[in-house]
Each structure stands twice: as structure tokens, then as C-alpha cells.
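What follows is a single structure, written as C-alpha cells, with notes after it.
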2 protein chains.
Amino acid sequence: MVTIRDVANRAGVAISTASYALNNDPRVSEETRRKVLKVVEEMNYRPNAIARSLKRKKSETIGLFLNDFGGPFFSSVIQGVEEVVSSNGYNLVACSTYGGNHNTTTNRFLQEKQLDAAIILGPNIPDELIVQVASKDFPVVVMDRELKAEHVHSVLVDNEQGAYTATRHLINLGHRKIAYLSGPVNSYNNQKRLVGFKRALEEADIAFQSAINVQGHFTEHGGYQVMKSLLMSKNVPDAIFSANDEMAIGAIQALTEAGIRVPQDVAIVGFDDIRLSSYIRPALSTIGHPKQEWGTVATHVVFQTLQDPSEQSRSIMLDTELIIRDSCGAALQST
Amino acid sequence: MVTIRDVANRAGVAISTASYALNNDPRVSEETRRKVLKVVEEMNYRPNAIARSLKRKKSETIGLFLNDFGGPFFSSVIQGVEEVVSSNGYNLVACSTYGGNHNTTTNRFLQEKQLDAAIILGPNIPDELIVQVASKDFPVVVMDRELKAEHVHSVLVDNEQGAYTATRHLINLGHRKIAYLSGPVNSYNNQKRLVGFKRALEEADIAFQSAINVQGHFTEHGGYQVMKSLLMSKNVPDAIFSANDEMAIGAIQALTEAGIRVPQDVAIVGFDDIRLSSYIRPALSTIGHPKQEWGTVATHVVFQTLQDPSEQSRSIMLDTELIIRDSCGAALQST
DNA sequence: GATTAACATCGAAACGTTTCGAACAGGCAT
DNA sequence: ATGCCTGTTCGAAACGTTTCGATGTTAATC
């Protein structure tokens, strides 16, 4: 491995001079700089980023922690993050947090100071770990929870408002018996969406029926299963608000198989606006949110804090949008 | 920041002893080890991974280079990679290679020895860079090209055979005028798929018509556009082999809009078996390949080479599978 | 011709670890 | 007493950079 010492020797200068030359320090003369750069070229020298990070106490790398690379809209979020990170001349590493507390990658990157900042979209990282690692020169942005702590910022989708809008929409279409197709009960997103759902019901004087509040684990298969059992119990609602699109798609499948028409017999609205939603039949009405922007905003917060570490903790909420397609029946009524 | 020196001081031992204690070296007595670990706990000490990497010349991290996190099946590949990496106690970082040669992340991680190995699925990383960085203690696995060089291994999908099977299938169904819906001409995947396509035609004594060899950039929109213009030119084929599913989906959209029935008027087969393919109507017949396994195999090769650096360069080819749904018309004929 | 300033270069310390070789203490056999 | 293990601990050098403070040169000023 060729080091800066080799370069310095060959160029006939001190190590420090070589280093200055490489870092465009104005002290070094144009002549020496050229000499050094020529040798660098000849020897194909590459600075060792690890040694540099050790000395500078900066890695110019920010970490994005995801619990699941396979998720349906994470790719959009990553693209947003990537865009801002690289436009700032920083590097991005994406780390999987799969595997919970014993995950070595998470602990290693988060606790062992290999990064300059972290963006978190992995609910299985505990709050305590986050507040522990966040510090003046290690800002953290969370996208999957509210967490009020020093040097921790949050960028969130307005789950509650979105769920409220979706439910409200179903109520306006004349539905009264509306089921909530729930994600994992301890999920932050699910909790907020449930709150919005309940608020809309309450406003319309509809009682919340826990019998038709069923849990589908945020997966297509879960949605399918749960819908199946709801059908068995003969407890079929007029309408369904699904806490995400995946489950809604599974539910539609189950309904269709049972000969129940969507939206004529049961109307359904989802949440997330994943790509698949506009392709299935009937096309899924849903609550959309700006996935890529979500990533860019979070990343901007990171860089602002990096530039001005005295920055206050911020909390940003992104708006959602009702997307009407076929599964809610609104298009049908209006014609 | 609390360092090992602080720990050593507080515990009343030498730095080296503290280090040995932390690394379970048998030299240190049980008593001292406990004393050190207690102090570690008290002070909440975390070793600095950067300093360790510098000294050990190992980062226990492997890098996965992707040109596009948003791709439709990359998430499956990543999951496969992640699984093997973490089961070996290593860390995974995923780096975007978006932006071509000037991409700093790529250069930095690849050239500046922050990693122990690399897996590459980003065609915009030039061959020269790969052979330059591959070395005895830095194995590289490519998944997006053939590249014969020392310390470079390849794990590939059998594009040619897959394309051959798909085309052959269309021919067997009685089609003679078959269009090739092409990806970027310089793409390795596209080239191989084209070869397989041509081989099938040749075998059946069908001339390759360059007029219906059209380029759709591997995107849905590209497939849609290209199909539109093919329809304008009145040069409509009996059947289409699309070099990937995305383009096939766009093409079906264009055909449907023009009132042309799939598969009755035009049969179509894609490549990749992305998730969407089984949801669209008509469901897309395609060539499937084991995406997650692709990742796990590549990663196994990495670890084998890491364990035995004298390992020969390997080249592994994964089989594909014809998946018959509705768009090719086979299901229709058989009933 | 002495004084100063500006410029270019250098040596050495530091970043936080790991690890080599030496040192020390105690126990045992000579 | 001497020598030699064995078990434990230690000091110091290294890893490849960056950066502080010092040093030497040269040219400009009085």
C-alpha cells in the first residue's frame, strides 16, 4: 500500500508538505504542489480515509438506518436522502437494522463514531439508544417516531391528519360501519393513524366498534388473512380504512375471491400510495405522501444542524393528500 | 469522548492491559478483566471503530454498490446480501453509485480501503476501476457483467438462456413476427438477452427484423413510448419479447389504449418477474430468476475468498425459469 | 547592513487503537 | 543462592493521516 510517506519521499518533500499539497493549502508553492501531484499520479496514491477520519474526527459520511430494505416506499426515501447527501459532498451508507437489539451493524455504526450524523427509519432501534448517541456533533433525525430530546430532530408524515381525511371521505360517501384495518399496535404510524380514524368517527357521531378493528401486520398477506376471517364472522363492514396499502391490497383480494364487489359492496381506502396501488383492479384510493421529499427534508435538517450545531431541535410535519381512484366508490357515485 | 486510556487510568492498569481485557486475550487474569469491564460499564466506554480499523487494517465491513436503490428487484438482492453478511458477523454498507465516474462515494469507499470487500451491481462503475481495486485482500464480486481478472468473481443470471426460453416459448405458440423490446444497447444484461433472442429465432429459421428491434431504456415509460411509435408505424408484431418487465408493462398499457388485445392480438413475455407483473391485467408472463439467492450466493463467494485468499476467480451462473401467466396466450390456448 | 515581513517548508505530536517484546513476581527445581 | 518456567502486566511502537509551531529563505523596508 502506498502511503503519503512514500509520496513525500519520492517527491523529496516532508510528509506535512505533501499533505498540504494534497489538501490545497495555500501555503505550499505551485511548483511543489505540481511535483507532489505528479508523484501521486505516478504511484497511484490514494489517501487512506480511515486514517484521515481518525485525525479529523470526521468521516463526512452520514448513516441511514432502515429496518427493511425491501419496503415498498423506502426506495423513494433513500433516493431523496442520497440526492441531498451527495450534493453536499458527503457519503451515504445505508444500514439495515434488521434483527433488533443485537444487530451489530446498528450498534457499531451508531455508537462507534464512524459517522457524522444519522437518519433513522427503523422502529426497532430503541429510543434510549438514540438519545444516548445524539450529541452536539452527532445530530440524529428520526422519521418513524416523535422523540423530544436534545440534538434529535424529527421529520414526520402527518399520519393523523391523513387518516382523518381518509375516514372522513368514507363517511361523506355515506358509510357508517367502517372497519379499521390495523398495523402492529405498537407501531407509531399505526397509532397515529388510528387516532385520526377515531377522530373522524367521533366527529360524525359514529361509535368505534372494536369488533371490526382488526390487525393485519402491515403486510399484504396479513390484510388478506384478516379480511378472510372478517368474512367468516359475517361481520362485514360497509367500508374499510386500511392503515397501509399493502394490507388494503390483500383485503381486496380476499373480498374479490368471496364475490364481494369493491367498491359497490365494500369501499376501501388505504395509506401510503405505493406504486402497486394504481395498478391493481380496482385501483386503490389512498392517502399519498411525498416520499422522496420526506428523505430530502430529513437530510436538509441534518446538514443545517451540522453547520450550526446550536440549532434547536426541530419537528417537521409533512402534508398528505387524498388520492381518489376506484376502490372508494367516489368516482362511481359522481357519474 | 471516553477512550481506552480513560478506562485504563480509572481501572489502574496499562492501556495495553485494558485492550487485552476487552479483546478477551487469555493473558489477562480474570480479576483484572472484571475490573476493566466494570469501569467500561461505569464510563459507558465504546471502542472507536475507526482507530481499530486503522490498526487492524480490517473494517469487518463489506460494501454493496448499487446504481439505483429504486430498482424493482434490488431490494430482494439486498436482503439476500444482508442476511449472509450479518450471519458472518460483518457489517454491510450499501452505497449508491448514481452519478457515474465523478461519484465520490464510490471512489471513496472503493479506493480508500474502508471496506474489506465489495459486491457490485452498478453498471456505471468502469471495469478498470474494478480491476484496479481488486486485490488479494480485497475481493470483488460483480453481478452485472463478465469480467475476468484476478480477485474478481462473478455471479450472474443466465440472461441468454432465459431470453432463449422466452422467445422459444413465443415461437412454439405459433408466432413468427416477434419484436425485441430492447434495453440500453450497451447494457450487459440487454446484450445477453438479445443474443438469446436471436439464437431462438435462428433455430426456428426466422429472420431477425431490425425494424421491430426497438429501444425502451428498461423503463415503463420507455416501453410505453416505443410501443406507441410502433403502433403509429403500423408495423405491429404478433408477439413481443421485452428485455425486462418494466418495459413490457408500459407496452401493454400502450397496446390496451390502442384497443389491441393482449394476448389475443399481440402476445408478450417479459424478463425479471418483478412484483408488479403478477398484479397487472393481463398478468405478465415472464422469465423469473432467484433474486434473493443471487445476493446470498454473491456474498458467500465473498466470504469464501476472504477466508482463503488464494481462491481462484469464480464465475457462477444462476438458472432462470419461465413463468407462464396470461400475457403470452399459452393459458388461453390450452383451455 | 540590520530589521521585519511574507513565504515555503519541515519536524513532531496527535488521533485511539492493537500488539510486540520486555519486565516483573512468584514458585519450583536445581 | 542460581536458574528457569509460568502467568501477568507494562511500555512503546506502530497504523496513515492532519496540523501546530518552529525554522529557514528571500525580498522589501528603514
Side-chain angles (χ1 to χ4, degrees), chain A residues 1-37 39-40 43-61 91 108-109 111-116 135 137-138, chain B residues 1-37 39-40 43-61 91 107-109 111-116 137-138:
Chain A
M1 184 188 215
V2 30
T3 75
I4 199 173
R5 146 174 262 123
D6 302 324
V7 172
N9 284 346
R10 175 99 89 111
V13 299
I15 295 181
S16 44
T17 307
S19 174
Y20 288 135
L22 285 167
N23 291 291
N24 292 318
D25 190 293
R27 267 183 281 194
V28 52
S29 73
E30 204 42 53
E31 195 194 333
T32 335
R33 186 189 315 282
R34 266 202 303 275
K35 197 165 57 182
V36 171
L37 292 180
V39 174
V40 163
M43 306 183 80
N44 193 29
Y45 164 78
R46 299 290 156 187
N48 181 317
I50 295 189
R52 173 188 296 152
S53 299
L54 178 58
K55 182 66 205 189
R56 287 214 182 136
K57 301 187 168 197
K58 283 194 157 209
S59 58
E60 304 216 300
T61 302
N91 304 116
R108 187 137 172 198
F109 280 93
Q111 301 196 54
E112 303 185 359
K113 306 296 167 206
Q114 304 204 71
L115 303 171
D116 292 351
S135 73
D137 40 35
F138 191 77
Chain B
M1 186 190 212
V2 31
T3 76
I4 199 173
R5 146 174 261 123
D6 303 324
V7 171
N9 285 345
R10 176 99 89 109
V13 300
I15 295 181
S16 44
T17 306
S19 174
Y20 287 135
L22 285 167
N23 292 291
N24 291 319
D25 190 294
R27 268 182 279 193
V28 51
S29 72
E30 203 42 53
E31 195 195 334
T32 333
R33 187 190 314 283
R34 267 202 302 275
K35 198 165 56 182
V36 170
L37 292 180
V39 174
V40 163
M43 306 184 80
N44 192 29
Y45 164 78
R46 298 290 156 188
N48 181 316
I50 295 190
R52 173 189 295 152
S53 298
L54 178 59
K55 182 66 204 190
R56 287 211 181 138
K57 301 187 168 199
K58 282 195 158 206
S59 58
E60 304 215 303
T61 302
N91 305 114
N107 281 289
R108 189 139 171 197
F109 281 93
Q111 301 196 51
E112 303 185 359
K113 306 297 166 205
Q114 305 204 69
L115 303 171
D116 291 350
D137 39 34
F138 190 79

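Residue numbers start from 1 in every chain, and the chains themselves are labelled A, B, ... in the order their sequence lines are given, proteins ahead of strands.
Checking dA13(D), dT9(C), dT19(D) against the side-chain heavy atoms of Ser29(A) singles out dT9(C) as nearest. With dT19(D), dC10(D), dT17(D) as the choices, the nucleotide that has an atom nearest any side-chain atom of Tyr20(B) turns out to be dC10(D). Here the side chain of Ser16(B) is nearest to one of dT18(C), dT17(D), dC10(D), namely dC10(D). Each of dT17(C), dT17(D), dG16(C) was ranked by its minimum atom distance to the side chain of Tyr45(B); first place goes to dT17(C). Across dC15(C), dT19(C), dT18(D), the shortest atom-to-atom separation from the side chain of Ser19(B) is found for dT19(C). Comparing dT17(C), dC10(C), dT18(C) by their nearest atom to the side chain of Ala51(B) picks out dT17(C). Closest to the side chain of Arg56(B), out of dG16(D), dT19(D), dT19(C), is dT19(C).
dT17(C) atom P lies 8 Å from atom CZ of Arg52(B), rounded to whole Å. For the pair Asn48(A) CG and dT18(D) C1', the interatomic distance rounds to 13 Å; values are reported in whole Å. The NZ-C1' distance, from Lys55(B) to dT18(C), rounds to 5 Å in whole Å. Here dC7(C) presents its P atom at 17 Å from CD of Glu31(A), a figure rounded to the nearest Å. When rounded to the nearest whole Å, the span between CG of Leu54(A) and C1' of dT17(C) equals 8 Å. In this entry the distance linking NZ of Lys58(A) with P of dC15(C) reads 18 Å, nearest Å. The interatomic distance linking Lys35(B) (NZ) with dC10(D) (C1') rounds to 13 Å, in whole Å. A straight line from CG of Asp137(A) to P of dC15(C) spans 15 Å, rounded to a whole angstrom.
Heavy atoms of Ser53(A) sit nowhere under 4.0 angstrom from any nucleic acid atom. Across all strands shown, Ile50(A) has no heavy atoms under 4.0 Å from either base or sugar-phosphate atoms. Nucleic acid contact for Arg46(B): sugar-phosphate only, since backbone atoms but no base atoms lie under 4.0 Å from a heavy atom of the residue.
For dA8(C), neither phosphate oxygen OP1 nor OP2 lies less than 4.0 angstrom from any side-chain nitrogen or oxygen of Arg27(A). Considering only side-chain N and O atoms, Asn23(A) lies under 4.0 angstrom from the phosphate OP1 or OP2 of dT18(D). When the side-chain nitrogen and oxygen atoms of Lys57(B) are compared with OP1 and OP2 of dG16(D), one or more of them lie within a distance under 4.0 Å.
Contact record, Arg5(B) with Ile15(B): CB-CD1, 4.0 Å, taken as the closest heavy-atom pair. Annotation for Leu22(B) and Ile4(B): closest pair CD1-CD1, 3.9 Å, computed over non-hydrogen atoms. Residues Asn91(A) and Phe109(B) approach most closely at CB-CE1, 3.7 Å, considering heavy atoms. For Ser59(A) against Arg108(B), the heavy-atom pair with the smallest separation is O-NH2, 3.0 Å.
Here the rule is side-chain contact (heavy atoms from CB on, under 4.5 Å) with Val39(B), and of Asn9(B), Val2(B), Asp6(B), Val7(B) only Val7(B) fits it.
Comparing Thr17(A) and Thr17(B) by the nucleotide of DNA chain D whose heavy atom lies nearest to each, the residue mapping closer to the 5' end is Thr17(B).
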### From CA spacing to verdict: side chain to side chain contact (heavy atoms under 4.5 Å, CB included), Asn24(B), Arg33(B)
CA-CA 8 Å; Asn24(B) 291 319; Arg33(B) 187 190 314 283; 3.7 Å; yes
